[in-house]
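Step one of this worksheet: look at the structure below.
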Amino acid sequence: MKTVFTIFSVLVFTVTSAVNGCPPSDRTALLAFKAALHEPYLGIFNSWTGTDCCHNWYGVSCDPQSHRVADINLRGESEDPIFERAHRTGFMTGFISPEICKLTRLSSLTIADWKGITGEIPKCITSLPFLRILDLIGNKLSGEIPADIGRLKRLTVLNVADNQLSGRIPSSLTSLSNLMHLDLRNNKISGPIPSKAGDLSMLSRALLSGNMISGPIPVSICRIYRLADLDLSMNKMSGVIPPCLGKMAVLATLNLDCNTLMGTIPTTLLTSAIGNLNLSRNALEGNIPDVFGLTSYFTVIDLSHNKLRGPIPRSLSAASYIGHLDLSYNHLCGRIPTGAPFDHLEASSFMYNDCLCGKPLRAC
């Protein structure tokens with residue numbers, strides 16, 4: 001009788017484990033994903049043993065109801081004890097196996113800051129209907145962003161910064177109506193920003209600096225009501241700055257430096273909610289609009305390395321706060337105004353203009 005009870009208990013445990021553990025297909029997909037990667041220092045995959053990939057597999061989380069794999073969170077820079085014990089950041093080589101696409105309930109995929117992972121983003125990644133977060137920052141991924149990335153209708157975060165991606169921004173990306181955070185910085189992406197970028201109605205951060213993106217700034221961007229941070233610096237953007245950028249309700253940071261933008265500085269940019277404004281190293285002309293006032297609050301205004309002419313606006317003295325101001329390397333002329341913010345600025349803020357004078361430069 002005791003033997004029968006023992007056999008029964010083992011059977012119950014086996015069935016319970018099978019029901020509550022991850023499906024064998026998910027486990028197989030994870031092991032195939034692991035097989036394509038090599039992590040020699042931290043041993044993060046050492047815990048990927050046993051039949052239940054939902055239990056104590058490092059970086060793997062499962063849905064509590066379905067027990068399907070829902071999240072993979074593998075970061076090469078972390079405060080996790082495994083990094084503290086090793087006294088180093090992570091390094092991993094290999095590639096992202098397309099087997100990852102067999103995890104059809106995947107909601108979050110983070111494989112970030114491993115520095116040595118190469119190959120392309122698996123094209124099948126766009127077949128994961130529940131994917132909300134795709135974070136592949138800080139690797140050596142090459143190739144293009146999948147052309148049909150727009151199929152990921154639930155995607156809220158797309159971060160592929162600091163890789164070696166090339167090609168254009170797919171036009172389908174503008175179909176990601178739930179996207180809130182877009183980070184494509186420091187790649188080799190070229191071509192224009194899609195003209196329908198304004199369809200990204202939920203977007204709050206668009207970070208595209210350090211690429212080879214060309215063409216004009218699409219006016220449709222001004223329709224993105226929630227956009228607070230727009231960084232298009234260090235590209236090949238041309239044309240004029242759309243004045244409507246200064247009419248955006250919550251835009252606080254606008255970095256357009258190191259492009260080939262021309263024309264004048266829109267007055268709207270200086271009377272807006274923008275507090276961090278960098279327009280340096282372009283080909284902007286004309287006078288600096290004399291429109292500052294008590295509502296003007298700037299942490300940074302950098303207009304250096306342009307072709308600006310005329311005097312420094314006297315209304316700058318009426319601004320409630322200006323932390324850093326750089327007007328160097330232009331064609332400005334005349335007396336530097338006195339009082340705040342000029343009394344705390346150094347000569348480097350005004351050097352290499354045509355004929356500025358007064359403190360902190362030479363006397364007039």
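On a predicted model such as this, the values are computed, not experimentally measured, just so you know.
A continuous path of hydrophobic side-chain contacts links Ile100 to Trp48 [ILVMFWY only; heavy atoms under 4.5 Å]. Tracing side-chain contacts under 4.5 Å through hydrophobic residues (I, L, V, M, F, W, Y), one never reaches Leu251 starting from Val219; they form parts of separate clusters. In the hydrophobic clustering of ILVMFWY residues, with side-chain heavy atoms under 4.5 Å counting as a link, Ile82 and Phe45 come out together. Leu207 and Val160 are not part of a single hydrophobic cluster, where members link through side-chain heavy atoms under 4.5 Å apart. Under a hydrophobic clustering in which Ile, Leu, Val, Met, Phe, Trp and Tyr are joined whenever their side-chain heavy atoms come within less than 4.5 Å, directly or via other members, Met262 and Ile193 fall into different clusters.
Summarising the geometry, atom OG1 belonging to Thr156 is positioned 7.5 Å from atom CG belonging to Leu179; distances are rounded to the nearest 0.5 Å.
Between the side chains of Ser233 and Arg281, no donor-acceptor pair is found at a separation under 3.5 Å. Judged by distance alone, the side chains of Asn186 and Asp162 do bring a donor and an acceptor atom under 3.5 Å apart. Counted by atom type alone, Ser315 and Asp290 present one or more donor-acceptor pairs between their side chains at under 3.5 Å.
A 4.5 Å side-chain heavy-atom check between Leu327 and Leu356 finds every atom pair outside the cut-off. A heavy-atom distance below 4.5 Å is found between the side chains of Ile312 and Pro337. Residues Ile336 and Pro360 are in side-chain contact: their nearest non-hydrogen atoms beyond the backbone lie under 4.5 Å apart. Residues Ile44 and Met92 form a side-chain contact, since some pair of their non-hydrogen atoms from C-beta on lies under 4.5 Å apart. Side-chain atoms of Ile137 and Asp113, non-hydrogen and from C-beta on, do get closer than 4.5 Å to each other. The shortest side-chain heavy-atom distance between Leu31 and Thr28 does not fall under the 4.5 Å cut-off. Counting heavy atoms from C-beta outward, Leu256 and Ile217 have side chains that approach closer than 4.5 Å.
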>> I'd like to know whether Asn276 forms a side chain to side chain donor-acceptor pair (under 3.5 Å) with Thr299, so could you lay out the CA-CA distance, the side-chain angles of the two residues, the decisive distance to 0.1 Å, and finally the verdict.
In response: CA-CA 6 Å; Asn276 190 327; Thr299 306; 6.0 Å; no
>> Please determine whether side chain to side chain donor-acceptor pair (under 3.5 Å) holds for the pair Ser107 and Arg132, giving the CA-CA distance in whole Å, both sets of side-chain angles, and the decisive distance to 0.1 Å.
In response: CA-CA 5 Å; Ser107 173; Arg132 293 182 301 104; 2.8 Å; yes
>> Go through it in stages, so that I can follow the logic: the residues are Cys54 and Cys62, the test is disulfide (SG to SG under 2.5 Å), and I'd like the CA-CA distance, side-chain angles, deciding distance and then a yes or no.
In response: CA-CA 6 Å; Cys54 294; Cys62 296; 2.1 Å; yes
> Would Asp257 and Asp302 satisfy side chain to side chain contact (heavy atoms under 4.5 Å, CB included), going step by step from the backbone distance to the final call?
Replying inline: CA-CA 9 Å; Asp257 48 298; Asp302 192 343; over 6 Å; no
>> Apply side chain to side chain contact (heavy atoms under 4.5 Å, CB included) to residues Ile288 and Leu316 and explain how you reach the verdict.
In response: CA-CA 10 Å; Ile288 302 172; Leu316 270 167; 5.9 Å; no
>> Let's go through Val69 and Cys53 carefully: what are the C-alpha distance in whole Å and the side-chain angles of both, what is the deciding distance for side chain to side chain contact (heavy atoms under 4.5 Å, CB included) to 0.1 Å, and is it a yes or a no?
In response: CA-CA 8 Å; Val69 173; Cys53 59; 3.9 Å; yes
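Using a 4.0 Å cut-off between charged side-chain N and carboxylate O, Glu144 and Lys123 make no salt bridge. Under the 4.0 Å criterion applied to side-chain N and carboxylate O atoms, Arg151 and Asp148 are assigned as salt-bridge partners. Electrostatic pairing of Asp135 and Arg75 counts as a salt bridge here, judged by a charged N lying under 4.0 Å from a carboxylate O. Using a cutoff of 4.0 Å between basic side-chain nitrogens and carboxylate oxygens, Asp199 and Arg223 are scored as salt-bridged.
The aromatic rings of Tyr352 and Tyr329 lie parallel to each other, with less than 30° between the two planes, well short of the 60° mark. A perpendicular orientation is assigned to the rings of Phe298 and Phe292, their planes being inclined by more than 60° (bins at 30° and 60°).
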